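Inspection log for the structure reproduced underneath, given as structure tokens.
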Protein chains: 2
Amino acid sequence: MTKDGTLTRPAHTGVPALPGEAPPTCELREVLDRVGDKWSVLLMAVLGDGPRRYSELRRAVDGISQRMLTLTLRSLERDGLVVRTVTPSTPPRVDYELTEVGHTLSREVGALIRWSEAHREYISAARRSYDAEEAVREG
Amino acid sequence: MTKDGTLTRPAHTGVPALPGEAPPTCELREVLDRVGDKWSVLLMAVLGDGPRRYSELRRAVDGISQRMLTLTLRSLERDGLVVRTVTPSTPPRVDYELTEVGHTLSREVGALIRWSEAHREYISAARRSYDAEEAVREG
DNA sequence: CTGAATCCCCGAGGATACTG
DNA sequence: CAGTATCCTCGGGGATTCAG
């Protein structure tokens with residue numbers, strides 16, 4: 001966080017935006033967007049337990065479409081968080097594995113998941129309570 | 001995470017889905033979705049530094065629309081993560097403040113932000129590298 | 001088995017205007 | 001100041017099909 005409490009568009013240091021270039025957005029935000037991505041979080045969590053094949057990931061992250069699985073993995077690979085290893089056998093085999101940095105993020109994600117498990121009862125109760133009072137107000 | 005490595009739809013314990021009821025989705029997923037929300041993360045981070053007024057939040061989280069600010073705050077309040085305090089003066093004043101549990105989540109979010117700052121150079125470099133190689137492959 | 005390519009829909013979310 | 005209400009767009013992402 002920037003020291004004035006502003007989270008986005010921190011003093012963009014120079015680099016005049018050339019026409020056609022990406023607008024000078026906050027890098028922090030970009031990284032948070034990555035972290036905030038639903039599928040990314042789930043995949044990072046699974047891969048935290050060790051390398052997985054494409055098909056294994058598909059099964060592990062229930063509900064993910066082939067498209068999103070591939071796109072997300074590519075994105076994670078591009079960010080240097082996972083490495084992709086192709087074994088040109090028949091049938092072909094592709095393994096995905098966290099990088100060293102990927103593991104550090106996976107640990108953060110793990111903490112978040114543990115937080116979720118530890119507080120889901122609380123949240124569930126809070127929602128019921130809120131909805132109940134709301135229903136009262138509306139009659 | 002469930003012990004078989006499956007992240008979603010963990011053995012839904014009973015509660016036969018009555019027609020018209022919400023489908024039996026994983027609660028963990030719901031909580032992660034909350035955490036994964038861009039605006040929620042940013043707001044939690046700001047509120048981690050102390051109570052803020054509506055207008056202060058609007059300025060702090062640059063780029064958020066009035067609509068999303070209100071919706072996100074309502075959602076956080078519903079989950080028992082923030083409390084909303086109205087002071088019926090003229091002009092009216094509304095303060096938002098983290099609950100005890102909200103603070104614990106804010107700390108997790110803070111860790112994530114620190115991770116982002118610590119690794120954004122790495123990620124940025126990884127992207128440049130990836131894009132460069134990709135450009136080569138495509139000719 | 002591991003993808004790439006296409007089509008297409010729906011809803012998250014921005015812009016704007018109005019209110020207590 | 002702190003919202004609410006409405007409209008409307010845009011792209012995230014699912015389903016499906018084809019390919020190496």
Side-chain angles (χ1 to χ4, degrees), chain A residues 7-9 22-23 25 29-30 32-43 46-47 51-78 82-97 130 134 137-138, chain B residues 8-9 22-23 25 29-30 32-43 46-47 51-78 82-97 130 134 137-139:
Chain A
L7 275 177
T8 59
R9 319 272 166 80
T25 57
R29 184 98 144 226
E30 287 182 35
L32 281 181
D33 284 352
R34 130 114 358 283
V35 170
D37 180 65
K38 170 184 171 181
W39 298 127
S40 293
V41 169
L42 296 174
L43 284 174
V46 173
L47 288 171
R52 291 285 187 279
R53 301 186 52 168
Y54 183 85
S55 51
E56 290 175 330
L57 291 174
R58 184 138 60 109
R59 276 191 302 276
V61 181
D62 176 292
I64 191 171
S65 66
Q66 236 171 359
R67 171 189 161 82
M68 289 316 294
L69 177 54
T70 300
L71 284 181
T72 305
L73 286 171
R74 285 284 180 283
S75 176
L76 292 172
E77 188 192 2
R78 186 171 102 104
V82 309
V83 285
R84 179 171 176 273
T85 308
V86 181
T87 305
S89 53
T90 48
R93 173 198 180 102
V94 181
D95 286 271
Y96 292 89
E97 179 177 13
Y130 184 96
E134 189 186 47
R137 274 193 301 278
E138 292 176 356
Chain B
T8 58
R9 319 271 166 80
T25 56
R29 184 97 145 228
E30 287 180 37
L32 282 181
D33 286 351
R34 132 118 353 287
V35 170
D37 181 64
K38 172 185 172 180
W39 298 126
S40 293
V41 168
L42 296 174
L43 284 174
V46 173
L47 288 172
R52 292 285 188 278
R53 303 185 49 167
Y54 183 87
S55 50
E56 290 174 329
L57 290 173
R58 182 138 61 111
R59 278 190 302 276
V61 180
D62 176 293
I64 193 171
S65 65
Q66 230 169 3
R67 171 189 160 81
M68 288 316 294
L69 177 54
T70 300
L71 284 181
T72 305
L73 286 171
R74 286 284 182 283
S75 176
L76 292 172
E77 187 192 3
R78 185 170 102 103
V82 310
V83 285
R84 178 171 177 270
T85 308
V86 181
T87 306
S89 54
T90 49
R93 174 198 180 99
V94 180
D95 287 271
Y96 292 89
E97 178 177 15
Y130 184 95
E134 189 185 47
R137 277 193 299 279
E138 292 178 354

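These numbers were taken from a predicted model, which means no experiment stands behind them. Excluded from the calculations below are hydrogen atoms, water molecules and symmetry mates; all remaining heavy atoms, backbone and side chain alike, are included. Sequence lines set the chain letters: A, B, ... in the order given, protein chains first and strands last, and positions in each chain run from 1.
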Checking B:Leu57 against B:Val46 for the side-chain contact (heavy atoms from CB on, under 4.5 Å) test, could you report, in this order, the C-alpha distance in whole Å, the side-chain angles of both residues, the deciding distance, and whether it holds? CA-CA 8 Å; B:Leu57 290 173; B:Val46 173; 3.9 Å; yes

Heavy atoms of B:Arg58 and B:Ile64 approach each other most closely as O-CG2, 4.3 Å

Atom pair OG1/CG of B:Thr72 and B:Leu42 - distance to nearest 0.5 Å: 9.5 Å

Rounded to the nearest 0.5 Å, what separation is found between the CD atom of B:Gln66 and the OG atom of B:Ser55? 10.5 Å

Which is true for B:Arg58 with a 4.0 Å heavy-atom rule: it touches a base, it touches only sugar-phosphate, or it touches nothing? nothing

Within the 4.0 Å limit for protein heavy atoms, which parts of nucleotides 3-20 of chain D are touched? Write it as a string from 5' to 3', B for base, S for sugar-phosphate only, - for none. BB--------BBB----B

Going 5' to 3' along DNA chain C, between which two nucleotides do contacts with chain B fall, using a heavy-atom cut-off of 4.0 Å? C:dG13 to C:dG20

Distance col, row A:Leu43:CG vs A:Met68:CE, nearest 0.5 angstrom, shows 9.5 Å

Pairwise distance CG(B:Leu73) to CZ(B:Arg78) - rounded to 0.5 angstrom: 14.5 Å

Return the minimal non-hydrogen interatomic distance between B:Glu56 and B:Arg53, and the atom names on each side. OE1-N, 2.7 Å

Pair B:Trp39, B:Leu71 - check side-chain contact (heavy atoms from CB on, under 4.5 Å), show working. CA-CA 10 Å; B:Trp39 298 126; B:Leu71 284 181; over 6 Å; no

